[in-house]
Number of protein chains: 2
Amino acid sequence: MITLTEENYIKAIYHLGKYGREMVNTNSIAEALDTKASSVTDMVKKLAEKEYLNYKKYQGVILTEKGKGIAVNIVRKHRLWEVFLVEKLNFTWDEVHEVAEHLEHIRSEKLINELDAFLEFPSYDPHGDPIPDKNGKFINIDKIALSHSEIGNVYTCVGVKDTSSHFLKYLDSNKIGLGTVIEVLHKEPFDNSVKIKFNTTEMVVSQNVAKNLFLKTV
Amino acid sequence: MITLTEENYIKAIYHLGKYGREMVNTNSIAEALDTKASSVTDMVKKLAEKEYLNYKKYQGVILTEKGKGIAVNIVRKHRLWEVFLVEKLNFTWDEVHEVAEHLEHIRSEKLINELDAFLEFPSYDPHGDPIPDKNGKFINIDKIALSHSEIGNVYTCVGVKDTSSHFLKYLDSNKIGLGTVIEVLHKEPFDNSVKIKFNTTEMVVSQNVAKNLFLKTV
DNA sequence: ACTAATTTTTAGATAAGTCTAAATTTACAT
DNA sequence: ATGTAAATTTAGACTTATCTAAAAATTAGT
Ligand SMILES: [Mn+2]
Ligand SMILES: [Mn+2]
Ligand SMILES: [Mn+2]
Ligand SMILES: [Mn+2]
């Protein structure tokens with residue numbers, strides 16, 4: 001049996017290691033889970049024992065296939081619940097994450113598959129992140145950050161990197177959301193700010209914003 | 001902050017003490033939660049300390065208003081989730097309880113109130129139990145067990161006492177459900193079995209069944 | 001009223017997950 | 001290559017919730 005705490009460690013390691021492809025070090029796990037490095041060491045030993053990951057002392061950890069399976073399933077549940085909250089229960093995209101952090105741990109195959117069907121098998125969550133299907137497969141569209149866009153090009157906003165309430169509310173207040181069509185007018189080398197145009201509005205966004213907004217070419 | 005374990009104790013005490021009206025003894029709590037009496041003693045001390053209940057050594061416990069408030073809120077969540085599972089996700093009434101045991105601990109005022117609205121403010125759960133509203137108020141219709149019915153009378157089935165999968169499946173297989181109109185034909189004094197008639201079908205049910213089926217007069 | 005059975009509480013131990021502080025290993029700069 | 005800084009692990013302690021076994025209190029039977 002896997003505990004809630006173990007699930008949270010596995011999920012964090014999955015995200016930190018780029019979908020479980022890269023090794024993850026102790027300190028980054030500790031930071032992600034707001035805990036101490038010594039606690040992480042104890043836990044990764046246990047997770048290695050249970051074969052959710054491979055652990056080399058002082059070298060870091062990497063998820064096994066078994067571990068990745070657990071992680072993908074939690075991500076699936078997290079994102080489906082987020083869709084449910086926005087589509088059916090009038091939550092805004094900045095309110096869903098916190099509740100989904102808890103709902104993602106509810107264990108019922110039937111529950112999650114029926115929820116998937118009820119929502120008509122959505123491919124993306126409210127932040128533009130892809131939702132794994134029942135078999136753990138998901139589409140990964142190639143998106144670029146606004147900070148890596150090219151001047152003169154036109155893009156569609158398809159996701160956010162930072163899903164904090166602060167950032168999402170900032171986007172709301174500036175009328176930027178998923179689907180917004182954005183033209184890149186200018187990139188300021190001095191501070192890496194970007195001047196963009198959308199719906200006849202022109203505005204300058206900071207590097208911080210530019211790094212956290214994902215686009216795809218129209 | 002209240003823990004998941006504390007919530008389960010409070011809920012059990014609420015049900016055992018008839019909506020928190022009666023004193024509950026240590027052993028019955030232990031049995032309900034499948035734990036040991038010594039564990040219960042430790043926990044009720046903690047719950048008394050936190051003022052969720054009053055505890056007199058060797059005498060048992062009774063919920064405070066604060067404790068009842070917690071309990072009613074958990075019951076509200078449990079029953080609303082059960083309605084959701086049946087109405088929206090194709091669960092049968094014998095499948096919902098287990099999942100609802102977990103969903104009832106998700107903490108979000110907005111979530112539960114929006115769910116309530118989404119389900120159009122249901123008054124009863126799939127087992128005929130009343131659902132408390134946002135303020136903890138709920139209708140308590142007076143229902144009687146089939147075992148206490150009167151020969152010759154006609155009743156409507158409005159609830160079940162035992163919500164175990166076994167009992168509910170037994171009812172399903174005999175085409176008895178909420179809303180079924182039942183006429184009491186005979187009560188056998190020897191074994192307290194009851195002969196009933198519904199939808200042209202006549203059958204004899206055991207005392208065990210008769211005690212767990214709630215009816216109201218038509 | 002007294003004894004026996006039952007119920008409840010206490011005492012001490014255990015497991016999970018966390019922490020601080022100290023020790024160890026690795027990485028990096030000269 | 002060597003010393004220092006950073007990262008990681010170990011050691012020992014704490015908290016929550018549980019258990020077993022023993023002690024104490026209550027209840028019930030005669
Ligand atoms: Mn999220
Ligand atoms: Mn998301
Ligand atoms: Mn239930
Ligand atoms: Mn129910």
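Quantities reported herein were computed from a predicted structural model and do not represent experimental measurements. Below, chains carry the letters A, B, ... as their sequence lines are ordered, and counting in each starts from 1.
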Is the backbone N or O of [Y] less than 3.5 Å from a side-chain atom of [X], with the two atoms forming a donor-acceptor pair by type?
X        : Y        : result
A/Lys187 : A/Ser147 : yes
B/Asn135 : B/Lys137 : no
B/Asp162 : B/Ser164 : yes
B/Lys211 : B/Lys161 : no

Heavy-atom contacts under 4.0 Å between [range] and DNA chain D, which residues?
range                     : result
residues 26-35 of chain A : A/Thr26, A/Asn27
residues 47-60 of chain B : B/Tyr58
residues 3-11 of chain B  : B/Thr3, B/Thr5, B/Tyr9

Practice item. For residues B/Tyr170 and B/Ser173, report the shortest heavy-atom separation together with the two atoms involved. Key: O-OG, 2.8 Å
N/O to N/O distances under 3.5 Å, protein versus nucleotides 11-14 of chain C:
none

Answer yes or no: does a side-chain N or O of [X] lie under 4.0 Å from OP1 or OP2 of [N]?
X       : N     : value
B/Asn25 : C/dT8 : yes
B/Thr41 : C/dT8 : no
B/Lys36 : C/dT9 : no

**Study point:** side-chain hydrogen bond (donor to acceptor under 3.5 Å, both in side chains) contacts touching residues 9-22 of chain A (sequence neighbours left out)
**Key:**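 Listed once each, the pairs are A/Lys11-A/Glu101, A/Lys11-A/Glu104.
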Revision key, fill the gap. So the side-chain hydrogen bond (donor to acceptor under 3.5 Å, both in side chains) pairs with at least one residue in residues 108-118 of chain A (sequence neighbours excluded) are A/Arg76-A/Asn113, A/Arg76-A/Asp116, A/Lys110-B/Glu95, A/Glu114-B/Asn90
Point to revise | Pairing residues for B/His148 by the side chain to side chain donor-acceptor pair (under 3.5 Å) criterion, not counting sequence neighbours | key: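 Once residues adjacent in sequence are excluded, B/His148 has no partner under the side chain to side chain donor-acceptor pair (under 3.5 Å) criterion.
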Review point. Taking everything shown except B/Asn208 itself, do over 12 heavy atoms lie less than 6.0 Å from its CG?
Key: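 12 or below, so no.
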Point to revise | Set of side-chain contact (heavy atoms from CB on, under 4.5 Å) partners for B/Leu119, sequence neighbours left out | key: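 Testing B/Leu119 for side-chain contact (heavy atoms from CB on, under 4.5 Å), a comparison that skips the adjacent residues, returns B/Leu80, B/Val83, B/Phe84, B/Lys88, B/Leu115, B/Pro122.
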**Study point:** With A/Asp42 via side-chain contact (heavy atoms from CB on, under 4.5 Å) - residues at least two apart
**Key:**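 In terms of side-chain contact (heavy atoms from CB on, under 4.5 Å), with neighbours along the sequence ignored, A/Asp42 is linked to no residue.
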Sequence neighbours excluded and cut-off under 3.5 Å, please list the side-chain donor-acceptor pairs for residues 49-69 of chain A, or say none.
from    : atom 1 : to      : atom 2 : distance (Å)
A/Lys50 : NZ     : A/Met1  : O      : 3.2
A/Lys50 : NZ     : A/Glu6  : OE1    : 3.3
A/Lys50 : NZ     : A/Glu6  : OE2    : 2.9
A/Thr64 : OG1    : A/Glu51 : O      : 2.8
A/Thr64 : OG1    : A/Tyr52 : O      : 3.1
A/Thr64 : OG1    : A/Lys66 : N      : 3.4
A/Thr64 : OG1    : A/Gly67 : N      : 3.0
A/Glu65 : OE2    : A/Lys68 : NZ     : 3.0
A/Lys66 : NZ     : A/Lys50 : O      : 2.8

Check your understanding: Is it true that the side chains of A/Asn8 and A/His105 contain a donor and an acceptor less than 3.5 Å apart?
Key ->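 Yes.
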**Study point:** B/Ser193 side chain to B/Asp191 side chain, donor-acceptor N/O pair below 3.5 angstrom
**Key:**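 The answer is yes; a qualifying pair exists.
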**Study point:** Distance, rounded to the nearest Å, where B/Met43 contributes CE and C/dT10 contributes P
**Key:**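 So the two atoms are 16 Å apart, to the nearest Å.
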Between the protein and nucleotides 2-4 of chain D, list the N/O to N/O atom pairs that are separated by less than 3.5 angstrom.
none

**Study point:** Residue list, ring pair (Phe, Tyr, Trp, His ring centres under 6.0 Å) with A/His102, at least two apart or on another chain
**Key:** none
